[in-house]
Amino acid sequence: MSRGFEQASLLATPLLTIFVGSRVVMYEEVESTNDRAIHLGGDGTVIIADRQTAGRGRHGRTWDSKPGLGLWFSIAFESPVDGLAFAAPLAVRDAVKPHCECTVKWPNDVLIGGRKFCGILVESRNARTALGIGINVRHSPEDFPPELREKATSVEAVAGHEVDRGVLLRDVLTELDHRIMVLRQGGIEAVRREWVDSCAIVGRRVRCGAKVGVVKDVSLEGGLVLETESGVQHLLLGEVVELDGA
Ligand code: BTN
């Protein structure tokens with residue numbers, strides 16, 4: 001059952017940001033907050049929905065977005081900002097830190113104890129960009145579809161205490177604002193470096209789809225630079241499996 005969206009706590013705690021949250025629009029239900037962000041636009045506009053009826057993940061997958069359980073939101077950009085896919089997972093990681101430790105994983109997932117609780121989807125259309133973030137906050141295992149129960153988790157499931165979604169949202173937006181300001185001031189290399197260091201993927205032997213190799217680097221575009229038997233390959237999408245232990 002939905003415990004309702006804690007709008008009061010979000011609105012009661014002011015957003016002390018420069019760019020993110022220039023406007024905040026909340027919905028009970030939308031198809032996808034990314035679509036709504038691209039439709040509405042406005043630099044820094046935040047679109048939040050308690051439920052998405054057509055939440056999207058990468059590779060055209062569905063993103064399970066039940067009401068009362070998670071944070072499903074997007075930020076609109078009127079011009080592209082390089083490095084969002086590095087900045088967003090770091091912002092989520094730091095905002096979640098008071099509750100539990102988490103790690104970032106290529107291309108832009110955030111995991112707790114090896115299980116995914118946050119996915120990020122950057123999409124551009126009609127000269128606008130939407131940075132979409134989905135965070136599982138209050139899910140119990142049975143709230144996930146059976147096929148995800150071994151792979152997914154939520155902040156509350158790991159933290160073992162209640163987490164106010166409004167406060168967590170504010171903290172993510174604040175962290176994100178800080179990193180977007182760094183990106184807009186030309187600091188993409190610093191953000192990329194922080195992401196690469198946190199991800200600890202460089203030097204690992206991995207499988208990504210049919211390709212096996214050692215990760216040499218992650219490019220500014222977020223691509224995996226993989227040294228395979230047939231030479232160096234640049235991969236932009238895929239699911240990475242580490243082959244030499246964590
Ligand atoms: C992934 O890991 O595959 C990315 C998932 C991204 C989900 C978020 S929820 C808010 C925003 N709206 C969407 O339709 N998708 C993103």
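Atoms within a ligand are numbered from 1 in the order they appear, just like the ligands themselves.
- Side chains of E29 and T53: no donor on one and acceptor on the other come within 3.5 Å.
- Protein neighbours of ligand 1 below 4.0 Å, counting non-hydrogen atoms: S32, T33, N34, Q52, G55, R56, G57, R58, W63, F73, S74, D109, K116, G119, I120, L121, G132, I133, G134.
- Classified by interplanar angle (parallel below 30°, tilted 30° to 60°, perpendicular above 60°), the ring pair F86/W195 is tilted.
- K151 meets the salt bridge (charged side-chain N to carboxylate O under 4.0 Å, His left out) test with no other residue; sequence neighbours excluded.
- A donor and an acceptor atom, one from each side chain of T17 and T174, are nowhere located under 3.5 Å apart.
- Between the side chains of T103 and R93, no donor-acceptor pair is found at a separation under 3.5 Å.
- Test R56, R36, R58 against E123 for salt bridge (charged side-chain N to carboxylate O under 4.0 Å, His left out) and you get one pass: R56.
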